Amino acid sequence: MPLKNAVYPGSFDPITYGHLDIIERGLRIFDTVIVAVARNSEKNALFNVEERIALIREVLGNNGRAKVDTFDGLLVDYVRRQGATVIIRGLRAVSDFEYEFQLAQMNRSITQEVETLFMMTSVPYSYLSSSIVKEVSSLNGPVDGLVPPLVKRALDAKFNR
Ligand code: COA
């Protein structure tokens, strides 16, 4: 039986099948998964936040239990404002662990009301990142199977194809 609300934060520049895998599995556990696009990411973005949100909304379609939003400031403050108590994060490989451990511990030191739940990314997506998708696409390589067709079209448009 699904439980409460969870926030799945990230930069999603752009959303990939790896993220979708985590969202779909999160929806089996939680009533609502809020996909929260971080505004204050220091990363050099290809898509602006509004473009990223539009892509995620299109990809998720009419799933009333998956919401898309954006946030800035502290993640735990946003999570509390949403009335949620859980942050979902995907772990791809051991290399993700150190950073994720730091984030989760820092968030927990700010508030113990919010718990971080880690899900192991499904094997076919364990090597995926938005950066690698952007790099392959920029070099006109194949990204089918890594991102939904509408994201592939958006990447093609960004790279003037
Ligand atoms: N499948 C495929 N790829 C995945 C994935 C999955 N399941 N899970 C993560 N990734 C990739 C992402 O595509 C991303 O790739 P990129 O680096 O090439 O863009 C990378 O893994 C990790 O990025 P993401 O999950 O988007 O996290 P992030 O590090 O960009 O953002 C925030 C982390 C936004 C959650 C964090 O910075 C934050 O909480 N910021 C708010 C401010 C705050 O509260 N700071 C204090 C926190 S202690």
Side-chain angles (χ1 to χ4, degrees), residues 5-30 33-56 59-60 66-82 84-139 141-148 150-152 154-155 158-159:
N5 301 338
V7 171
Y8 179 39
S11 37
F12 304 102
D13 182 40
I15 189 163
T16 68
Y17 279 133
H19 297 126
L20 281 171
D21 167 55
I22 300 288
I23 296 167
E24 281 162 14
R25 287 161 54 201
L27 285 169
R28 290 190 208 136
I29 304 174
F30 297 98
V33 172
I34 304 167
V35 182
V37 180
R39 271 198 188 272
N40 53 358
S41 169
E42 286 168 11
K43 292 178 180 174
N44 273 336
L46 178 66
F47 295 94
N48 67 38
V49 170
E50 280 63 37
E51 290 172 324
R52 285 182 254 161
I53 289 175
L55 286 175
I56 301 169
V59 167
L60 293 177
K67 300 190 171 9
V68 190
D69 196 7
T70 176
F71 75 101
D72 49 23
L74 275 182
L75 174 61
V76 286
D77 288 343
Y78 171 78
V79 172
R80 286 189 288 199
R81 282 201 303 276
Q82 298 308 304
T85 51
V86 176
I87 297 168
I88 302 177
R89 295 287 288 167
L91 278 182
R92 292 163 299 170
V94 180
S95 51
D96 279 346
F97 179 80
E98 207 168 326
Y99 173 62
E100 294 298 336
F101 182 76
Q102 199 180 13
L103 278 189
Q105 298 292 28
M106 179 54 77
N107 285 333
R108 204 166 153 69
S109 78
I110 301 171
T111 175
Q112 301 204 346
E113 289 164 31
V114 176
E115 201 60 68
T116 305
L117 175 78
F118 293 102
M119 289 190 184
M120 300 301 155
T121 301
S122 297
V123 172
Y125 311 122
S126 56
Y127 62 93
L128 245 190
S129 72
S130 298
S131 303
I132 209 142
V133 166
K134 286 182 278 191
E135 183 176 343
V136 172
S137 176
S138 72
L139 300 170
V143 293
D144 317 84
L146 308 181
V147 293
L150 67 95
V151 175
K152 180 181 183 299
L155 284 161
K158 282 281 177 196
F159 296 119

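Both ligands and their constituent atoms are indexed starting at 1 by order of listing. All residue numbers refer to positions in the sequence shown, counting from 1. Worth saying up front: this structure is predicted, and the values here are computed from it rather than measured. Atom set for the values below is all heavy atoms of this structure, side chains included, hydrogens, waters and symmetry mates excluded.
- Of all protein heavy atoms, the one lying nearest to atom 11 (C) of ligand 1 is R92 NH1, 3.3 Å.
- The shortest contact between atom 15 (O) of ligand 1 and any protein heavy atom is with S130 N, 3.4 Å.
- With rounding to the nearest 0.5 Å, the separation of OH in Y8 from CD1 in I23 is 6.0 Å.
- Relative to atom 30 (O) of ligand 1, the option among K134, R89, M120, K43 with the closest non-hydrogen atom is K43.
- In this structure, atom 43 (C) of ligand 1 lies nearest to the protein heavy atom L75 N, 3.8 Å.
- Remark: ligand 1 atoms within the under-4.0 Å shell around heavy atoms of M106 are 48 (S).
- Salt bridge status for D77 with R81: absent, with no side-chain N to carboxylate O gap under 4.0 Å.
- Residue L74 places a heavy atom less than 4.0 Å from ligand 1.
- The protein non-hydrogen atom at the shortest distance from atom 1 (N) of ligand 1 is G18 CA, 3.1 Å.
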Exercise for review: Kindly indicate, with the supporting measurements, whether the criterion side-chain contact (heavy atoms from CB on, under 4.5 Å) is fulfilled by L46 and F159.
Suggested key: CA-CA 10 Å; L46 178 66; F159 296 119; 3.9 Å; yes
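- Protein heavy atom at the shortest distance from atom 26 (O) of ligand 1 is S11 N, 2.7 Å.
- Remark: atom 38 (C) of ligand 1 lies closer than 4.0 Å to no protein heavy atom.
- When only non-hydrogen protein atoms are considered, atom 42 (C) of ligand 1 lies nearest to G73 O, 3.5 Å.
- At least one heavy atom of Y99 sits closer than 4.0 Å to an atom of ligand 1.
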(message) Determine whether L155 and K134 satisfy the following criterion, side-chain contact (heavy atoms from CB on, under 4.5 Å), listing intermediate values before the conclusion.
(response) CA-CA 7 Å; L155 284 161; K134 286 182 278 191; 4.2 Å; yes
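- Distance alone, capped at 3.5 Å, places no donor-acceptor pair between the D96 side chain and the L91 backbone.
- Of the protein's non-hydrogen atoms, the one nearest atom 12 (C) of ligand 1 is H19 NE2, 3.5 Å.
- Not close to ligand 1: A36, with no non-hydrogen atom less than 4.0 angstrom away.
- Below 3.5 Å of separation, one finds no N or O of V76 facing any N or O of ligand 1.
- One N or O on the side chain of R89 and one on the backbone of P9 form a donor-acceptor pair closer than 3.5 Å.
- Near N107, meaning under 4.0 Å from one of its heavy atoms, ligand 1 places the atoms 47 (C), 48 (S).
- Side-chain contact between Y78 and D69: present, with at least one pair of heavy atoms (C-beta onward) separated by less than 4.5 Å.
- Under a 4.0 Å heavy-atom criterion, Y17 is not in contact with ligand 1.
- Counting the atoms of ligand 1 from 1 in the order shown, those under 4.0 Å from a heavy atom of L103 are 47 (C), 48 (S).
- Where the criterion is an N or O separation shorter than 3.5 Å, residue side chain and backbone included, L128 meets it with respect to ligand 1.
- A distance of 7.0 Å separates OG in S130 from NZ in K43, rounded to the nearest 0.5 Å.
- If you check each of Y8, Y78, Y125 against atom 8 (N) of ligand 1, the one with the closest non-hydrogen atom is Y8.
- For the atom pair CD1 (I56) and CZ (R52), the distance works out to 8.5 Å, reported to the nearest 0.5 Å.
- The minimum heavy-atom distance between L128 and G18, with the atom names listed, is CD1-N, 3.8 Å.
- Using a 4.5 Å heavy-atom threshold, the side chains of V114 and T85 count as separate.
- Atom CE of residue M119 and atom CG of residue D21 lie 9.0 Å apart, to the nearest 0.5 angstrom.
- Looking at S129, its side chain does come within 3.5 Å of a backbone N or O of I132 through a donor-acceptor pair.
- Residue contacts with ligand 1 do not include M119, since none of its heavy atoms lies under 4.0 Å from the ligand.
- When only non-hydrogen protein atoms are considered, atom 34 (C) of ligand 1 lies nearest to A38 CB, 3.5 Å.
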